[in-house]
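By convention in this document, chain letters (A, B, ...) are assigned in the order of the sequence lines, proteins followed by strands, and residues within each chain are numbered from 1.
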Amino acid sequence: MNIYACSQSTTMDDLPSDVILNIFERLPDSTDLANCRLTSHRFLSLSYRTSSISLKPHQKHHPVPFKTRVINLISLLAASLVSVSISGKGSGVVDTDEVDDLTDVSFLSAWLPLVGRQLGTLSIVNAPNKSPVGFSCALAVISDTCKNLDSLVIRNAWLSINGIMLMSKLTNLTLKFVRIDDEHLANFSAYFPSLKILNLIHITGLKEPKIHLMQLQICRFTGYPQSITIQAPNLEELKLRCMQPCFVILDCSSIHNLSISLAKASGISMITMPQNLRKLIIKSLDVPRLLPFFRGTKGLKTLELEVSPIMSWFDSYSVFSITDAFEIFENIDELIIGPVVWYLWHQSIPSCFTASEPISLSRLVVNLPPEDFNETNLMSIILKICAPSEVELRFFSDIEDMEKKDAVANFSNAFSGVRWSWSTSEKSSSEFFSRLWRGLGI
Amino acid sequence: MADNGGKKITLKSSDGEEFEVPEVVAMESQTIRHVIEDVCAKNSIPLLNVNSKILSKVIEYCKKHVAAAEAAASKASTEEGTAAAASVTKPSDEDLKTWDAEFVKVDKGTLFNLILAANYLHIPGLLDLTCQAAADMIKGKSAKEIRKFFNLKNCISPEEEEEIRRENQWAFEEEKRTRAFDAYA
């Protein structure tokens, strides 16, 4: 074997076995590994030592059903497997048979015990839009067999909390499009005490969840609760999106990055006022009502404000002025204005826009709504209030480059005391219009 | 990147070329780091398994990543660095990812040599990057294409192939992109 990284003729055969295994573990799914097995004896024998597999169904009418194949493969590789990822979603290339619920307990019990002892990472993704027949006790089986699990991802499932056992090594939990049968998550911290990263995205079934996790560092929550309590003294980053009016209680003294999206908030209670909050994003119809809840935080550097036009509550929209924000937070470096805010200010410039004391921002970022780029009236007023050194114009992704350049040139000429730059958002303007028109009842 | 007063070390490739680099860059290689720290090496370290062409690429990678880490650290210190502060430096993470993607756009031979060098010199980031690039090259190819692309010596008889395909069907699921028995084609 060639160990010299200097030969012209270095081939894959020259790589040491652990390196080849490293490469095998990065293959996106088991089909690629299957093809590698046919290429040489060496690859064939190494395939039995693969520690990470990812399976998804490919072909319709395969003689061996997908679930059976999963069980077979895992039995074959059981000794070395550390990471298993199964998806019921096909690759989309070929018509696939419908795959049943992968969180089904009898299916999991057929193979989890074979790898449970050393399994570190487990991901189970059901095909979307399946109507489950009830709550699965998958979490009970997983917590019983996989005592060393570090990372767990489950998507598109109905999960029961019944029978869960302690998962002391779990640091990473992601549940997405999951319905849970526990309204309050009462014993969450008892089951997952070591969690550092928690993602609960589009979770239903929760009414008044209380998340109390001492080690938690990052949390992302999207759901429909009536209230949510997060008590996490080490939490640094929180992204909260509540799709209906909700009361938020936060006890997170170390929080650094906070993003709250509440169409209409009943209120926010900060049990401990964070002293290190550097970045705050608020998306709500009720921006002026939410801002004062953060009075008392020190050191905020970046503030982003956006109005979220959700129909049926749009009459709750209250006009607000930039000066509201500056009154609460001293010394902000950077202010980011969302496109709907800019649009609404543009429609009728609020009379409450008066520059009380001169504020000087380092940077203003304006997400421009997709029209009227030459309108400089509003910009003139805003620049007078906050006197930024630099303004970045952010455009929706589908705006023509020429239009962008023209707009930047237009603003640069009109306001030469400021440095102008521009960037492109990932979102397209069609999203902006559809949400806005719905919100305004048009 | 802070170059003033930093200690320099000389790396010597297998074909005799010498590369003078700041010590902090050379220490991206854990192998070299052990030599410097434990063995108290003199100023010149011979690397018998790496030629000048590959060594210069490796040094390029280490220099870029040391510079990026220093830039992130100095930004974070002005914001009282934490895990969350690191996520604020996203733009430069993107730049580094783009740079990395360009870095591995090389011919197969060079890529495998880079993998060998990263493995021998214990540079985890470079090993991850290059192994991922190799995996991306395998993705989507049929067995025949993989063998051809990577110049693998084929020693699998048609009977063995049939057996492997059976096991594949039982457990792996192989997409039928090629005809059966075209292993010898």
Any side-chain heavy atom of Phe294(A) sitting closer than 4.5 Å to one from Leu303(A)? no
Using non-hydrogen atoms and a 4.5 Å limit, figure out which bit of Asn119(B) sits close to chain A: side chain, backbone, both or neither. side chain
Under 4.5 Å to a heavy atom of chain B? For Ile23(A) that would be both
Side-chain polar contacts of residues 24-32 of chain B - donor-acceptor pairs under 3.5 angstrom, sequence neighbours left out - could you list them?
from: Ser29(B); atom 1: OG; to: Thr31(B); atom 2: N; distance (Å): 3.4
from: Ser29(B); atom 1: OG; to: Ile32(B); atom 2: N; distance (Å): 3.1
from: Ser29(B); atom 1: OG; to: Leu121(B); atom 2: O; distance (Å): 2.5
from: Thr31(B); atom 1: OG1; to: Tyr120(B); atom 2: O; distance (Å): 2.8
from: Thr31(B); atom 1: OG1; to: Leu121(B); atom 2: O; distance (Å): 3.1
from: Thr31(B); atom 1: OG1; to: His122(B); atom 2: ND1; distance (Å): 3.1

Supply the atom-to-atom distance Thr130(B) OG1 to Ile115(B) CD1, rounded to the nearest 0.5 angstrom. 4.5 Å
Identify the residues of residues 131-138 of chain B whose heavy atoms come closer than 4.5 Å to a heavy atom of chain A, ordered by number, or report 'none'. Cys131(B), Gln132(B), Ala134(B), Ala135(B), Ile138(B)
Report the option among Ile53(A), Thr39(A), Leu73(A) that has the most heavy-atom pairs separated by less than 4.5 Å from atoms of chain B. Thr39(A)
To the nearest 0.5 Å, what is the distance between NZ on Lys279(A) and CG on Asp333(A)? 13.0 Å
Greatest number of heavy atom pairs closer than 4.5 Å to chain A - which of Leu127(B), Asp128(B), Leu111(B): Asp128(B)
Is the closest basic N to carboxylate O distance between Lys64(B) and Glu60(B) below 4.0 Å? no
Applying side-chain hydrogen bond (donor to acceptor under 3.5 Å, both in side chains), can you list everything that pairs with Ser254(A), at least two apart in sequence or on another chain? none
What part of Ile71(A) gets within 4.5 angstrom of chain B, counting heavy atoms only: side chain, backbone, both, or neither? neither
Between Tyr61(B) and Trp99(B), what is the ring plane arrangement, given parallel below 30°, perpendicular above 60°, and tilted in between? tilted
Can you list every pair that meets salt bridge (Lys or Arg N to Asp or Glu O under 4.0 Å) and has a residue in residues 100-116 of chain B, with sequence neighbours left out? Glu102(B)-Lys105(B)
